[in-house]
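In what follows, a structure is listed as structure tokens, so that the remarks can point back to it.
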Amino acid sequence: MAKQEIILKGLPASGGIAIGPAYVYEREEVYVSQRILTENEVERELHLLEEAMMRSRHQLEKIATFARETLDSDAAQIFEGQLLMLDDPEMRKALDQRLRHEKKNADFLIYDELKKYRAMLNESRNELLRERMVDIDEVGQRIIRNLQKKRLHSTVEGEHVIIANSLTPSDTLLFSRNDVLGFATDLGGITSHAAILSRSLKIPAVTALHTVTAMVETGDEVIIDGQRGLLIINPCDEHRLDYHRKIKRIERFESELKGLVDLPSVTQDGHKVELSANAEFINELEYVVTQGSKGIGLYRTEHLYIEKGDFPSEQEQYIEYSEIAHMMYPQQVIFRTFDIGGDKLLDSAVKESNPFLGWRGIRMMLDKPVIFRQQLRAMLRASTMKNIKIMFPMISGVAELREVLNMLEDVRGELRDEGISFDESMQIGLMIEVPSAVFVADELAQHVDFFSIGTNDLVQYLMAVDRNNELIADLYQELHPAVLRAIKITIDTGHRHGLWVGMCGEMAGNPLATVLLLGLGLDEFSMVPSVIPEVKKIIRSTTYTEAKGIAQEVLQKSNSLDIRTFLTEYMEQRYPELLVGMLNGDNGVVHE
Ligand code: PEP
Ligand code: MG
């Protein structure tokens with residue numbers, strides 16, 4: 001007799017749909033018992049601990065290398081983080097001291113130390129922090145396993161959906177080397193590292209199913225719907241057929257995205273916008289071109305300083321900027337002058353208690369005119385093919401902008417005197433990312449050719465929420481009405497003065513916000529290159545009239561939850577296939 005169909009609802013941790021046999025994975029638990037060591041055993045135990053640490057480090061380094069080769073940098077960072085935990089000197093000191101004084105076995109002491117961390121983090125009301133415990137646990141368990149000389153078996157033969165109580169980041173990564181179709185777990189959330197990894201690996205995953213391991217047996221047929229957060233066990237014929245059709249639709253959609261590369265980003269009623277890419281390394285540019293971008297909307301130049309550990313010379317910069325201009329020609333490249341400071345500060349001589357509110361971006365450059373002029377000269381010299389624009393970060397008011405433009409004018413004069421040619425009609429713009437700039441946009445607009453909205457900083461400064469602080473990540477809301485109104489003011493003001501207005505913060509690449517931004521009148525969207533096809537697809541399937549209607553409706557709403565719900569429902573109805581990739585863009589994870 002056919003088994004009964006069961007549908008479980010959990011959290012949609014990674015989009016996509018898969019159908020296949022289940023494999024119930026039970027991680028072999030590690031057990032520890034307390035032993036009191038004799039005096040003679042203490043040194044040997046210390047030695048065994050050191051050996052287990054070394055073995056763990058070696059294993060983790062291998063996993064981290066694999067992760068770096070296969071994942072995006074955020075996801076690979078998880079294992080770098082685990083390596084740091086493993087080498088935490090405080091933890092090691094505590095273990096060595098306790099081992100010498102209490103004379104207890106090392107695996108018990110690790111277990112006991114983990115218990116302390118667990119108690120501490122469990123008290124935290126922050127879900128993200130509690131989820132970080134999974135990493136600490138994984139590192140601890142790895143050392144214990146190595147002390148007990150036990151092996152970890154995260155492998156399976158053939159195509160399967162993995163069903164588990166929970167998955168560690170390493171489980172997720174190691175399983176991905178087999179033909180894994182999806183993950184479904186009793187525990188876990190959307191922001192857990194295993195979930196981030198699944199998204200990065202593009203493997204569908206549903207978490208927080210509570211009882212899935214008790215309800216599924218290895219070999220049962222399951223459907224994992226990472227879009228809605230569903231797991232269907234022993235599906236009926238109708239559901240199986242339905243989901244096979246959905247998979248076909250998704251496949252068609254993905255190949256359709258590939259076909260969009262050479263098509264313009266124009267709405268059905270003929271409103272055209274530019275889609276461009278954010279980049280910071282020259283070796284990214286080849287990929288940028290394959291994604292159908294119209295040039296570079298933000299080229300971050302800080303890496304030149306960070307890699308060198310000092311400011312690069314004018315000539316070094318000239319070589320890099322010219323090469324980029326040549327590679328992208330005839331497409332445009334917007335170079336941003338150094339935005340050093342905040343979290344991108346190298347100069348250890350400068351200690352600020354509030355670096356994000358401190359000596360950053362244009363403020364630092366105005367204090368270092370020799371260096372700033374070298375950068376401006378290098379950019380101007382690289383502009384002879386007329387495909388370069390320059391933009392300034394962190395401008396907060398008109399006086400600052402005037403000072404910058406005077407310096408630029410001076411440098412231009414200098415080049416003319418030296419007989420060096422450059423693009424005399426080059427467009428100059430500034431980033432709108434400091435809230436004060438929004439309110440003096442009228443005056444700023446009189447001096448430049450374009451604005452580019454930097455939502456990463458604009459949100460952090462408007463909402464007083466550190467963009468890198470996990471404790472308050474839920475308060476970092478791109479869809480907050482205050483943020484949307486600031487964006488509207490900027491676009492309307494720019495347009496009144498005949499400027500074009502772009503956006504190069506992460507929000508520009510969030511498919512949930514595409515129609516809204518289009519309707520607000522944004523002219524250029526600059527984003528991580530991999531999302532360009534999705535955003536283009538949305539733009540090409542809507543009309544400007546519809547987008548304006550959506551923007552108007554959103555602007556009436558007074559809180560971000562309502563806005564997010566409204567946009568999610570709209571997108572679900574309008575672009576059901578697209579939600580597959582949407583989680584990456586709007587999952588409440590801190591935006592870098
Ligand atoms: C921004 O602030 O939105 C931005 C694009 O700049 P960065 O992320 O480099 O600060
Ligand atoms: Mg910024």
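Numbering of ligands and ligand atoms starts at 1, following listing order.
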Please work out, at 4.0 Å between heavy atoms, whether the side chain, the backbone, both, or neither of Leu458 comes within that distance of ligand 1.
neither
Salt-bridged, Lys294 to Glu524, with N to O below 4.0 Å?
no
Heavy atom of Glu302 under 4.0 Å from ligand 1?
no
With a cut-off of 4.0 Å, which atoms of ligand 1 are near a heavy atom of Cys504?
5 (C)
Of all the N, O or S atoms in Asp457, the one nearest to the Mg ion (ligand 2) is OD2
Tell me the contacting part of Leu298 for ligand 1: side chain, backbone, both, or neither, using a 4.0 Å heavy-atom threshold, strictly below.
side chain
From the candidates Asp457, Ile432, Thr455, the one that places a heavy atom nearest atom 10 (O) of ligand 1
Asp457
Start with the C-alpha distance between Tyr461 and Glu433, add both sets of side-chain angles, then the distance that settles side-chain contact (heavy atoms from CB on, under 4.5 Å), and finish with yes or no.
CA-CA 8 Å; Tyr461 294 132; Glu433 55 181 345; 5.7 Å; no
Any Arg360 heavy atom less than 4.0 Å from ligand 1:
yes
Would you name the N/O/S atom of Glu433 that lies closest to the Mg ion (ligand 2)?
OE1
Polar side chain donor-acceptor pair, Glu274 to Trp500, under 3.5 angstrom
no
Is the shortest N/O to N/O distance between Asn456 and ligand 1 below 3.5 Å?
yes
Please tell me whether Glu534 and Tyr575 have a donor and an acceptor in their side chains that are separated by less than 3.5 angstrom.
no
Nearest 0.5 angstrom please: Leu512 CG to Met507 CE, how far?
9.0 Å
Does the residue Met431 have a heavy-atom contact with ligand 1, meaning some pair of atoms that are separated by less than 4.0 Å?
yes
Part of Met527 within contact of ligand 1 (heavy atoms, under 4.0 Å):
neither
Just checking Lys386: does its NZ atom have more than 12 heavy atoms from other residues, nucleotides or ligands closer to it than 6.0 angstrom?
yes
Looking at Lys557, I'd like to know if its NZ atom is crowded, meaning that more than 12 non-hydrogen atoms belonging to other residues, nucleotides or ligands lie closer than 6.0 Å.
yes
Please list, in number order, the atoms of ligand 1 under 4.0 Å from a heavy atom of Asp339.
10 (O)
Ring-plane angle category for His303 and Tyr299, please: parallel below 30°, perpendicular beyond 60°, tilted otherwise.
perpendicular
